[in-house]
Amino acid sequence: MTALLLVLTPLLPAVLAFLALVPEAKPVVRRLAWIAAVPALLTALLVPAGSEVVLDDVLLGLRLGLAAEARLFLGGAAVLWLLAALHASAYLELTPRTPRFTGLFLLCMSGNLGLLVAQDVAGFYLAFAQMSLAAYVLVVHDETAKAYRAGAVYIWLAVVGETCLLLGFLLGASAAEEFALTEVRRALLHADGAALAISLLVAGFGIKMGLVPLHVWLPLAHPAAPSPASAVLSGAMIKAGLFGLMAFLPLGTAPLLVLGTLLVAVGLLTAFYGVAIGLAQSDAKAILAYSSLSQMGVVASGLGVAALLPDAAPAVLAALGLYALHHGLAKGGLFLAVGARQKGADGGPLRPVFALVVAVAALALAGPPLTSGAVAKLGLKAAVETGDAVWLQGFVLLLSVSAIATTVLVLHALDRLRQVSSQRRAPTTEVVVLLGTTAAAVLAGQVLTWGAAPTGLRDAALSPSSLREAAWPVAVGVALAVGLRRLHWRLPAVPEGDLLTPLQGWAIRACDRLRLAASPSVLSTRSPMPWVRAPKLPADPSTTLAATTVAMLVVLVVSLLA
Amino acid sequence: MIGEAFVPLALLACSLVPAAVVAWLGEAPGHLRNRWTLGGAVAKVAVVGLMMLGVQAGQVYDATLPLAPGLALELRIDALALLFVSLSAVLWLATSVFAIAYLAKDRSQRRFFTFFNFCVTATTGIALAGNLFTFFVFYELLTLATWPLVAHAGDRASLQAGRRYLRYTLAGSVALLLGILLFHGLAGALAFGDTAAVLALVEGDRVVLTAAFVLMAAGLAVKGAMVPLHAWLPAAMVAPAPVSALLHAVAVVKAGAFGIVRLVLDVYGVEATRELGLGLPLLLWASFTIITGSVIALRQDTVKKRLAYSTVSQVSYIMLGVGLLGPIGLVGGLVHLVHQGLMKITLFFCAGALEKLVGVTRIDQMAGVGWRAPWTMLAFTLGALGMMGAPPLAGFVSKWYLGLGGIEIGAIWVLLVLAGSTLLNALYFLPMVYAAWFKVPPVAGDSPDAARAKAMNDLFAAPWLVGPAVFAASAALASGLLAASDLSPLAWAELIVERQYLVPWPVPE
């Protein structure tokens with residue numbers, strides 16, 4: 001049973017992905033795509049930690065298993081993929097492009113869920129690459145100019161990221177002389193070339209996580225994709241970058257000074273940069289994307305602390321898993337909410353329900369008392385404080401400041417969400433699906449985060465001091481937001497993808513130059529070795545050819561006999 | 001034993017007999033000609049399958065025809081020969097099916113299929129050759145047999161391409177011949193695999209051995225299309241698509257690459273090559289070709305030309321793997337011999353199918369073609385992703401082992417070559433894939449989605465034209481997805497290296 005569940009986790013979505021392209025099965029698969037995530041959910045619930053199944057014949061010896069830290073990731077991702085698949089079945093209009101979306105959505109799901117259960121490098125790489133490449137189709141589905149631009153930036157960064165990962169994995173596998181993930185992680189601690197391997201892995205996973213300055217694809221891709229796709233991009237796929245770092249970095253044995261400092265610095269930079277640029281956005285989905293960026297910065301800085309302080313590493317890694325679960329479902333829920341609103345599924349008698357769902361999700365991100373965000377943030381702070389270093393006080397304070405910033409940003413997002421409008425009123429069945437999945441995602445985020453938190457943490461989160469601790473940043477944030485609103489959000493407008501805009505002019509020029517070179521007859525008609533002029537043969541060379549060949553054979557035979 | 005000698009000859013006969021019969025049949029009865037061609041190809045696959053079991057069990061088949069003292073035609077089937085023969089047998093069957101469909105309306109089918117079958121005979125001979133003399137004989141037969149195929153169309157461009165092909169390959173043959181003579185003068189007539197004798201000569205005759213190696217490698221590199229000896233290959237793109245497919249995946253280019261593999265592994269041997277310090281130059285040359293070929297491919301605007309330069313780049317992966325001279329790199333190079341064949345033949349089948357089905361030959365015509373020929377473009381997409389090295393396709397496995405092989409001998413820079421090649425492959429393959437599935441062809445009066453709703457099922461419309469591409473793509477997928485199984489090309493390559501060439505790399509202090 002365990003083995004079957006582990007195998008079906010990536011396999012069922014992949015099989016359904018293929019079926020989605022078969023004409024006769026298309027409509028059925030479109031409606032039942034959510035079933036693909038069920039094995040993953042069952043795996044997260046039922047499979048004991050540390051179990052493993054080895055498929056000797058597949059790839060380079062595929063190992064699937066459930067590592068302890070993967071359970072929360074897998075559960076959260078499975079719930080979100082399931083709900084997003086349901087949401088998409090109502091969200092997408094039927095066009096000839098729909099099967100393409102459904103198929104690649106499922107392929108992407110297979111990769112995302114597969115990488116969480118992969119226990120060997122080749123399998124992990126396969127799943128990660130499958131997810132990254134397939135997601136391109138989700139980004140460009142709408143086929144607008146905006147989507148194509150987002151897709152182009154996305155795919156090139158994804159390919160570069162995959163290449164970095166491949167090299168990192170090769171170095172790791174070579175050092176370990178084995179492909180099992182745990183061995184590779186161990187080898188990366190001491191082996192020659194480990195520093196290079198780790199740098200490549202951080203770059204590769206950092207692109208996926210959206211760490212500044214590798215983030216430029218993220219705020220373009222999230223708004224461009226259809227909302228259910230944005231939900232999984234933001235809620236599940238960028239978490240894969242975090243998961244990859246957790247799976248491969250050799251944390252918890254010896255302090256990794258350079259890596260830790262880098263991650264803390266880049267993480268904090270990303271956390272505040274994301275908020276700052278996010279506030280200068282006007283599109284709700286772009287704001288949410290920048291908020292995701294900022295949150296991934298927070299977790300990256302937590303990872304940096306784990307790298308610096310090996311004693312704190314186990315607690316921090318556990319806390320990061322909880323944080324990812326909370327953020328994935330809350331943010332995924334918000335993107336689904338945007339989708340519901342785009343389709344006009346928020347009006348009528350259900351309007352208060354919609355408002356409540358959105359408010360809970362947005363607040364949870366900010367983390368006032370009793371929300372999943374409060375537990376996740378407290379868990380992270382408490383875990384960090386198990387370490388022993390003078391600067392930790394400052395770090396924890398920065399986390400609180402980041403909560404203030406997040407509060408301002410999500411309120412800005414809510415403000416902008418009100419301006420998303422729809423021309424149509426969704427029919428009842430659609431409303432049920434669109435709104436139901438949104439509410440389910442948000443609710444699952446609350447329930448699962450509280451449920452998965454250790455008892456001690458749950459009790460601590462309800463203690464008066466923690467309630468205070470959780471409340472003040474949100475209160476300050478709300479006050480700031482109200483103040484800003486009074487000032488009519490007089491903030492500069494920054495285009496989505498910020499740094500990209502100046503970079504892109506340069507890139508386009510470079511690409512144009514390459515394309516220009518693709519004019520006919522360049523190099524194709526000219527011999528590239530003009531200095532070697534072969535002797536001119538008579539007009540009909542076949543006789544000469546035969547003669548030459550025979551002559552050569554004769555020469556050979558004669559000289560060998562001599 | 002009669003049986004042992006019989007098997008290699010039977011393999012040759014599987015293609016030689018159809019060649020003769022097709023020539024004798026004349027132009028008229030198409031069915032008979034097709035039956036003989038396909039029958040020979042099927043029989044060959046069957047014989048190869050049987051032999052595989054034998055070779056896996058350690059059997060060596062040998063047929064020797066002494067011509068004179070010290071000079072013999074020797075056909076021998078070892079694991080390496082079988083790797084190449086099985087690739088060519090399987091892909092030849094697919095190409096035969098494709099060629100029959102592609103050339104259905106052609107006027108000179110008799111000539112085409114005669115030389116087509118003759119060409120596979122020569123390739124089989126190259127694979128089975130047991131010494132340099134035999135190798136050279138079949139190598140030249142291949143040159144002879146391929147020329148009419150390249151110049152098949154008979155127009156000015158084809159004849160010109162044919163002439164260029166001859167100039168290059170003949171010049172290469174001269175170099176190869178000189179190299180062989182030089183080598184024989186020194187070492188005598190050695191059977192492949194007798195490398196201890198060469199190793200013994202390294203001390204005394206370093207210069208002559210090196211010169212002979214360089215001459216032979218240069219001669220082989222012409223057919224192997226290593227930059228700057230590659231220019232005949234893109235020119236030969238005027239040939240019909242099935243010819244391009246076999247040139248690139250099985251016959252001529254592969255024969256050059258296979259020759260270099262034989263040269264390093266079985267003529268000189270890994271240790272002698274290392275002693276002579278010839279690994280690094282080969283490695284550098286291969287790396288240069290990999291990058292340069294891809295850069296030139298970027299600048300092409302016709303589908304087949306771009307694929308041709310991609311071959312220039314990809315075939316040098318094989319040379320790269322051999323040049324590494326370590327067991328893991330060797331596995332990577334040998335397995336790429338098969339993998340590159342599977343992926344590239346997929347791409348050329350697709351190019352041919354696109355040309356016949358929807359009239360697309362230039363890259364800028366590919367807009368929206370995925371909706372008009374979905375199966376073809378699905379196969380093309382798989383082939384292209386494989387070339388980029390995306391898992392779980394075959395190209396990933398090659399790249400994985402080449403990378404590990406590079407690290408194994410301490411040549412980390414090889415990783416940069418692989419990474420650069422991956423990115424360049426993405427740069428010239430992804431835009432084609434993108435155009436096919438995401439761009440919309442300019443159709444008057446139709447909205448994009450309306451134009452797409454008229455998608456057709458190309459596999460059912462032209463099964464013999466599209467089927468081979470789908471088959472080859474599936475094979476490329478399967479050999480990557482099931483790489484660790486006992487039946488995969490990877491397992492076979494590992495068997496070869498383990499059995500024949502296992503040489504631990506002296507670990508640098």
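Every chain is numbered from 1 and lettered A, B, ... according to where its sequence line falls, protein lines coming before strand lines.
- Contact annotation: the side chain of A:L165 never approaches that of A:F124 to less than 4.5 Å [non-hydrogen atoms, C-beta and beyond].
- No part of B:I328 comes within reach of chain A, as not one of its non-hydrogen atoms sits under 4.5 angstrom from that chain.
- Without hydrogens or angle criteria, B:K304 side chain to B:M237 main chain gives a donor-acceptor distance under 3.5 Å.
- With a 4.5 angstrom heavy-atom cutoff, A:T163 touches chain B only via side-chain atoms.
- A donor atom on one side chain and an acceptor atom on the other are found under 3.5 Å apart for B:S173 and B:E140.
- Between A:R63 and A:E183 no salt bridge is recorded (no basic side-chain N to carboxylate O distance below 4.0 Å).
- For B:A426, the parts sitting under 4.5 Å from any heavy atom of chain A are the backbone and the side chain alike.
- At a cut-off of 3.5 Å, with distance as the only test, a side-chain donor of A:E162 or A:S132 sits close to an acceptor on the other residue.
- Proximity to chain B (any heavy atom under 4.5 Å) is restricted, for A:V140, to the side chain, taken from C-beta onward.
- Heavy atoms of A:I155 lying under 4.5 Å from chain B belong exclusively to its side chain.
- Using modelled atom types, no side-chain atom of A:E177 and backbone atom of A:A173 make a donor-acceptor pair closer than 3.5 Å.
- With 3.5 Å as the limit, one finds no donor-acceptor pair spanning the side chains of B:W147 and B:T169.
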Checklist entry - B:N425 and B:T422: side-chain hydrogen bond (donor to acceptor under 3.5 Å, both in side chains), yes or no, with the steps? => result CA-CA 5 Å; B:N425 271 274; B:T422 302; over 6 Å; no
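- Of the two parts of A:L133, only the side chain, counted from C-beta on, holds a non-hydrogen atom closer than 4.5 Å to a non-hydrogen atom of chain B.
- Chosen from B:W232, B:W437, B:F396, the residue pairing most often with chain A at heavy-atom distances under 4.5 Å is B:F396.
- In this structure, chain B has a heavy atom under 4.5 Å from the side chain of A:Y148, while its backbone stays farther away.
- Heavy atoms of B:L490 lying under 4.5 Å from chain A belong exclusively to its side chain.
- Contact annotation for B:L430: only side-chain heavy atoms (C-beta onward) come within less than 4.5 Å of a heavy atom of chain A.
- For B:Y401, the part sitting under 4.5 Å from any heavy atom of chain A is the side chain, from C-beta outward, and nothing else.
- Contacts between A:L196 and chain B at a heavy-atom distance below 4.5 Å involve the side chain alone, from C-beta outward.
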